[in-house]
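No experiment lies behind these values; they were computed from the predicted model shown.
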Amino acid sequence: MNDNMTTMITQSDFQFSAVDTENLTSSEYTLVTLAVDMSGSVNNYNNALKQCIKTIIETCKKSNRAENLMIRLTSFNSRIYEEHGFKTLGIINVDDYEQIRSPSGTTALFDATIDAVEATEQYGKTLTDQEFETNGVLYIITDGDDNSSKNSLNDVAERFKSLKYNESLESLQTFLIGVNVN
């Protein structure tokens, strides 16, 4: 982590990093979070997963609001790994995504989803409290199987429901991208 980043803790005690708000120059941001399944069950799709990440980032770079996007990438198996915290899109090099961890282990999909929601919510609240306008976009990339989370599917639904009622984000879009689904 560099000097421009700060570390935060979510309500479920997940830790994440983000650009320190003192280093932000725009009045509005969209927080884009990618949570990528890197458990053993997606091993045959490792290259496709990396390509999916790159495609999402390249698509974000084509946005007419690209200068207002911040990206956070996590990978998960039985644990959640922050590959990088929320940082501005302009400093991201898509070739760096070749270096993320290789698939192994079990799948904590529900925990990773809650981590993604809560980190986006918490940083969104931090920005909103400092009078930034803030939106969120979540990408969850997985084969859909959970076999090691501490949280349940109901916990995930409750986190989305409670996010709806607080005022940390103007809007939130969520995309579930399936790997090896028939």
For this session: Please name the pair of heavy atoms, one in T88 and one in I92, separated by the smallest distance, quoted to 0.1 Å.
Result: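 The pair with the smallest heavy-atom distance is O-CG1, 3.8 Å.
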
Exercise. Which heavy-atom pair separates S78 from S148 by the least distance, and what is that distance?
Worked result: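 Smallest heavy-atom distance, with atoms named: CA-OG, 3.7 Å.
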
Do [X] and [Y] make a side-chain contact, defined as non-hydrogen atoms from C-beta onward lying under 4.5 Å apart?
X    : Y    : result
L138 : L31  : no
M38  : N46  : yes
V32  : I71  : yes
L69  : Y29  : no
F110 : K150 : no
T126 : M8   : yes
M70  : K87  : no
D37  : V179 : no

Between [X] and [Y], do the side chains contain an N or O donor and an N or O acceptor separated by less than 3.5 Å?
X    : Y    : result
S39  : T106 : no
D145 : S41  : no
N135 : S171 : yes
S12  : T10  : no

Got a donor-acceptor contact below 3.5 angstrom from the [X] side chain to the [Y] backbone?
X    : Y    : value
N77  : T107 : no
D146 : S149 : yes
T74  : E82  : no

For this session: Can you sort out the partners of F76 under ring-ring contact (aromatic ring centres under 6.0 Å, His included), two or more places apart, ordered by chain and number?
Result: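 Once residues adjacent in sequence are excluded, F76 has no partner under the ring-ring contact (aromatic ring centres under 6.0 Å, His included) criterion.
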
For this session: Under the ring-ring contact (aromatic ring centres under 6.0 Å, His included) rule, collect the residues that match up with Y81, sequence neighbours excluded.
Result: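 So Y81 forms no ring-ring contact (aromatic ring centres under 6.0 Å, His included) with any residue.
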
Flag if over 12 foreign heavy atoms under 6.0 Å of [atom1], [X]:
X    : atom1 : value
R101 : CZ    : yes
K125 : NZ    : no
E167 : CD    : no

For this session: Would you sort out whether L172 and F160 count as a side chain to side chain contact (heavy atoms under 4.5 Å, CB included), showing the intermediate values?
Result: CA-CA 10 Å; L172 177 69; F160 275 106; 4.0 Å; yes

For this session: Take N151 and D111 through the test side-chain hydrogen bond (donor to acceptor under 3.5 Å, both in side chains) and record every step on the way to the result.
Result: CA-CA 6 Å; N151 291 284; D111 290 350; 2.8 Å; yes

Presence of salt bridge, [Y] and [X], under 4.0 angstrom:
X    : Y    : answer
R79  : D115 : no
R159 : D155 : no
E83  : R72  : no

Exercise. Linking I/L/V/M/F/W/Y whenever their side-chain heavy atoms sit closer than 4.5 Å, directly or via other members, would L176 and L153 fall into one cluster?
Worked result: yes

For this session: Please assess M5 against D20 for the test side chain to side chain contact (heavy atoms under 4.5 Å, CB included), listing each intermediate value before the final yes or no.
Result: CA-CA 5 Å; M5 302 291 275; D20 192 314; over 6 Å; no

Problem set entry | Verdict with reasoning, N68 to S26, per side-chain hydrogen bond (donor to acceptor under 3.5 Å, both in side chains) | CA-CA 7 Å; N68 300 88; S26 186; 2.6 Å; yes

For this session: May I ask you to decide if the ring planes of Y97 and H84 are parallel, tilted or perpendicular, using 30° and 60° as cut-offs?
Result: tilted

Exercise. Aromatic rings F86 and Y123: how do their planes relate, parallel, tilted or perpendicular, breaks at 30° and 60°?
Worked result: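 Parallel: the ring planes of F86 and Y123 meet at under 30°.
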
For this session: Kindly compute the distance separating CD (E118) from CD (E121), expressed to the nearest 0.5 Å.
Result: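 The CD atom of E118 sits 6.5 Å away from the CD atom of E121.
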
